[in-house]
Amino acid sequence: MVQFHEHIITELLEDSNGGLVVLSSGLSLSKLVSSLLILHSSSEGTLLLLSPSSTSLKSKITFHLKTLNPQFNQIPAEVTADLPAHHRHALYSSGNAFFITPRILIVDLLTNKLPTSKIAGILLLNAHSLSETSTEAFIVRIFRSLNRSAYVRAFSDKPHAMVSGFAKAERTMKCLHVRKLHLWPRFQVYVSQELESGPPEVVDIRVPMSKYMVGIQKAIIEVMDACLKEMRKTNKVDVEDLTVENGLFKSFDEIVRRQLDPIWHTLGKKTKQLVSDLKTLRKLLDYLVRYDAVTYLKYLDTLRVSESFRSVWIFAEASYKIFDYAKKRVFHLVRSDGLKFNELSKGVKNKKRKSKGDGKDIEEAVDGTSHSTLNSGLVLEEVLEEAPKWKVLREVLEEVEEERQKAGMLGEEIFTEGEDTDNGIVLVACKDEMSCLQLEECITGSPEKVMREEWKKYLLNKVQLRDIVNKKKKPKDPKPKGFGILDGVTPITPAQNAETTSISKQEHDALLAAASKLRNVSENDNAKDAPQPNIGGQGSGKRKRKVGIRKVPVVLDGVGVQNNDKEESVSDKIGMSDSKNEVNEDETNTVSAGRFSSEGTSVENIVLRKHSNPNVAARTGKPLPPVHFYALESDQPILDILKPSIVIVYHPDMAFVREIEVYKAENSSKRLKVYFLFYEASTEVQKFEASIRRENGAFESLIRQKSMMMIPVDQSGHSLGLNSTLESDLNTPQNSVTRKAGGRKEADKEMQVIVDMREFMSSLPNVLHQKGMRIIPVTLEVGDYILSPLICVERKSIQDLFMSFTSGRLYHQVETMVRYYRIPVLLIEFSQDKSFSFQSASDIGDDVTPNSIISKLSLLALHFPRLRIIWSRSLHATAEIFASLKANQDEPDETKAIRVGVPSEEGIVENDVRAENYNTSAVEFLRRLPGVTDSNYRAIMDGCKSLAELALLPVERLAELMGGHKAARTLRDFLDAKYPTLL
């Protein structure tokens, strides 16, 4: 356990009231929580951990509990809705620690099933996501009112999220009723001293990007800057936030949307599109350094199709360079007489123009598949530029293996000393799963083979796409039928028509010819090539790999490494791939273990594989060590599982770097070497450095806030919470009318609201409770909120309303409300920080269309005349509306509300409005008969008094009632059908 964790725990234990801890990301929050759980004793009471939204944090806590204290057998169980109430009560009284979902905890608190006196405290692991209206704040408020002595400890390892909005940290502390804020940045004295006392050996490798990668990056930044300038012109967003550096982070979208959401309906299409474009450009920058050249080109192709007519960025001046350079990284066109096409003629404004050949003869020998000759005399020549990092990674691994062999030659005792000193495990950390798989293929096979496979998939996809387009075109009339929108075809602009005769058309034909040739080859060899298109489908979800180049001058700690020889001997490469094939089976196992196993992984089995691999690889000139690949997205405690001695950070990530530091501080005697692979002068470096600056800035802001913070407390020193000052103002009788009983305050009756269990996923019950209403959670069959014996409310957020209309669920819900309650209400609730409108004025058409939300609402109101529709601007407005609706109404009855809509043992449903006039069971039976629909069953009921009478009606009469002979014949055939007899 690191010492600064001990300091944090000591500070927390000093204050019995609890506190809020904000850590730097990567400083192992899961280990800190695990240590607190181990210190907890059952005599103090039960400890409840509110389940975090991410399952990885929960699994990491469980893993650390097992490793920190193997004798500790009280692993926290999960309390969910599946457990019966009496089982949950027994667990609450047991004195152990449990994970519990907020929805179950709040329901048990409101129904008094939770013995609060036996609870030692509550731990919250995602303090940055709390707000005044969140369920966690609701839990703490009720819990504090019932048990003042218990503690509430909240944790967050996302400091930048704690400074979003006005006084976020202070408001969070008031919500949690805590007084102490503990800040632990990376630059804190205890943390920096411990992590820097025995740092790992670090090798920082700056890999130059290829000239095309530099060109693409420069073009993207130019386009991003142009989009930001356009955003500034709108005068709708704070200009300080609109910088390219901020645009590199996901949180930039949130910053912009937070400012624009309240006025979203007033914005023009261009501004809305700019917000979307900035997100796309950020992805393009990220994928450039993450994936290979072919995958990047594939992703750009999808963007060209999906965004070509809407987006602003695609028409920016520099955007052409992005597409052009991306193509040149994969292929270029050559005249069949050996002259190259120079597509980039300087000063030429026409994007796609033929220019003269540069006179150079193409002397390189190209494979049969690498170019295909066309009637137009153009040849497609492959470039297939590899990622510069691939070659550097291979060289780093070769260097690692050389060092290991030297150490082995000095003495075999390095393997027998024990796993603590150096177990020889090499860990490569990548951003995502796809990068891991691709790098694994590069190491086990060869980069050329990987690029060739990606190129095959790309070409085969082109052919498949052409076949689909041709199938669609066949039935079409050769004459044009207007503008094409009605035919489902996007209109072709004049620019595109002109393009067909230019080099773009020839390039397209060259690609298709190469693809057709490749497909013919693959068809001849189905055994090998048939499954490849399916493999390509794996990348379609995340179609974004990117690639670099072959020439890589590398700098290792300022010393040039012999990397400049462009050609490696072919025999070395072949030998390497041959030797790796034998090791491949072991390596895939280790890879899967490294990526997916968080619990129960047999670390010894993984480590033992290192003995066989050097012997197998020793036959070649440059052997490679066994490698484990780890996707940072999976967020598992990989360092503690594998305990590697060499870590190669392929995609730099600030949190992972901190994890390495903590791992080294915990294992100070272990030799650890870390290689960082950065693209020189890239946005990758800029983003990494900016993330550290952002976090430091967030902590400095929190430190300033802490010095000026004011948390109100009562006489006993407990925090009063968020609305304490507001409530005290309301209760002062200074403005009361003294003519009425001397100004004495009338005893208000307590308002009750019956709430469906499922509604506790939203924040409305919390706000209603804040307004002084008593919340009764039950499982309701009809409605979400019962305000009185007459009023039933179905609440819909905007997103839920659209989905309910689409699925038809809303119709059924309103139908049941109308059946059982006199005043059915549909509440449409808008978000407080968004515009109070369905659609912007420009989106509302003149015509009534089936897809329009306004048309659907109109039909609903026409179909159910008794339905009341209420529009609410926010949660607090809803609470006010509910209070006014309940003003002259009786309080709802809990037992009756539960029984509504639920048939008794005899099948009778109580309080069914329709049951007064109709036999409900008979109506339901009628509606299930063939030919009977929602549109004609009422006419049938008016035309005949019973099912017996219906069975005797002739077909002609049935046709009159049912609105058609076909439906009548269907019903008559069903009624006359003979029942099979059993002999």
Side-chain angles (χ1 to χ4, degrees), residues 1-21 23 27-52 57-80 83 86-102 104-105 108-109 113-127 136 139-140 142-144 146-155 176-180 182 184 599 637 640 666 716-719:
M1 183 179 174
V2 282
Q3 288 180 353
F4 66 86
H5 278 182
E6 292 177 15
H7 288 292
I8 298 172
I9 290 170
T10 308
E11 283 185 6
L12 277 174
L13 295 177
E14 281 172 3
D15 190 357
S16 59
N17 194 37
L20 171 60
V21 178
L23 275 171
L27 291 188
S28 197
L29 173 62
S30 52
K31 282 184 187 171
L32 177 65
V33 175
S34 306
S35 306
L36 271 173
L37 290 178
I38 288 173
L39 290 173
H40 172 74
S41 69
S42 55
S43 58
E44 298 170 25
T46 304
L47 179 59
L48 299 175
L49 289 90
L50 287 186
S51 292
L57 181 57
K58 201 187 303 177
S59 64
K60 280 201 280 190
I61 290 170
T62 310
F63 172 80
H64 291 310
L65 277 175
K66 291 174 181 172
T67 51
L68 287 172
N69 188 358
Q71 288 80 33
F72 187 73
N73 52 8
Q74 297 295 339
I75 301 298
E78 176 92 31
V79 178
T80 60
L83 284 173
H86 60 279
H87 282 188
R88 295 204 299 271
H89 189 278
L91 291 176
Y92 294 145
S93 308
S94 65
N96 296 327
F98 298 102
F99 285 112
I100 184 166
T101 54
I104 293 301
L105 184 53
D108 283 351
L109 274 170
K113 289 174 184 168
L114 177 72
T116 49
S117 57
K118 294 182 179 177
I119 304 298
I122 294 177
L123 296 187
L124 294 102
L125 307 178
N126 55 345
E136 288 86 352
I139 288 167
V140 172
I142 295 178
F143 182 69
R144 285 287 197 204
L146 299 171
N147 185 351
R148 301 298 294 271
S149 60
Y151 57 80
V152 174
R153 291 171 185 155
F155 301 88
L176 298 173
H177 295 253
V178 296
R179 296 175 53 198
K180 292 280 179 72
H182 308 284
W184 287 85
E599 301 170 30
D640 295 296
E666 287 177 334
S716 59
H718 289 99
S719 171

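Computed from a predicted structure; not experimentally measured. One-based numbering along the sequence shown.
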Gap between atom [atom2] of [Y] and atom [atom1] of [X] - 0.5 Å precision:
| X | Y | atom1 | atom2 | result |
| --- | --- | --- | --- | --- |
| Q3 | E666 | CD | CD | 11.5 Å |
| L48 | L105 | CG | CG | 6.0 Å |
| I75 | T62 | CD1 | OG1 | 6.5 Å |
| L109 | I142 | CG | CD1 | 6.0 Å |

Tell me the closest heavy-atom pair linking [X] and [Y], and the distance in Å.
| X | Y | value |
| --- | --- | --- |
| P637 | F63 | CG-CD2, 3.6 Å |
| L176 | A154 | CD1-CB, 3.5 Å |
| S34 | L65 | O-CD2, 3.5 Å |
| S94 | S42 | O-CB, 4.4 Å |
| T116 | N147 | O-ND2, 2.7 Å |
| L37 | P76 | CD1-CG, 3.9 Å |

Within the distance-only criterion (no hydrogens, no angle test), does the side chain of [X] pair as donor or acceptor with the backbone N or O of [Y] below 3.5 angstrom?
| X | Y | value |
| --- | --- | --- |
| S30 | L57 | no |
| N17 | V178 | no |
| R153 | I122 | no |
| R144 | A150 | yes |
| T46 | Y92 | yes |
| H40 | G45 | yes |

Test side-chain contact (heavy atoms from CB on, under 4.5 Å) on L124 and V152 and set out the steps. CA-CA 8 Å; L124 294 102; V152 174; 3.6 Å; yes
Which is it for W184 and I8 under the side-chain contact (heavy atoms from CB on, under 4.5 Å) test, yes or no, and what are the steps along the way? CA-CA 8 Å; W184 287 85; I8 298 172; 3.3 Å; yes
Flag the pair [X] / [Y] as yes when at least one side-chain heavy-atom distance between them is below 4.5 Å, and no otherwise.
| X | Y | value |
| --- | --- | --- |
| I104 | L83 | no |
| L32 | L23 | yes |
| L47 | Y151 | yes |
| N96 | L91 | no |
| H64 | I38 | no |
| L20 | H182 | no |
| H5 | S28 | yes |
| F4 | L27 | yes |

Might you work through the side-chain contact (heavy atoms from CB on, under 4.5 Å) test for F155 and L12, ending with a clear yes or no? CA-CA 11 Å; F155 301 88; L12 277 174; 3.8 Å; yes
Evaluate the criterion side-chain contact (heavy atoms from CB on, under 4.5 Å) for residue pair L125 and V33; output intermediate values, then yes/no. CA-CA 9 Å; L125 307 178; V33 175; 3.7 Å; yes
Just wondering, are more than 12 heavy atoms of other shown residues or ligands nearer than 6.0 Å to CD in E78?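 Yes, CD of E78 has more than 12 neighbouring heavy atoms, counting only those of other groups under 6.0 Å.
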Below 4.0 angstrom, N of the basic side chain to O of the carboxylate: do R88 and D108 qualify?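 Looking at R88 and D108, the cut-off is met.
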Taking only Lys NZ, Arg NE, NH1 and NH2, and the carboxylate oxygens of Asp or Glu, determine whether K31 and D640 approach each other closer than 4.0 Å.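 Yes, K31 and D640 are salt-bridged.
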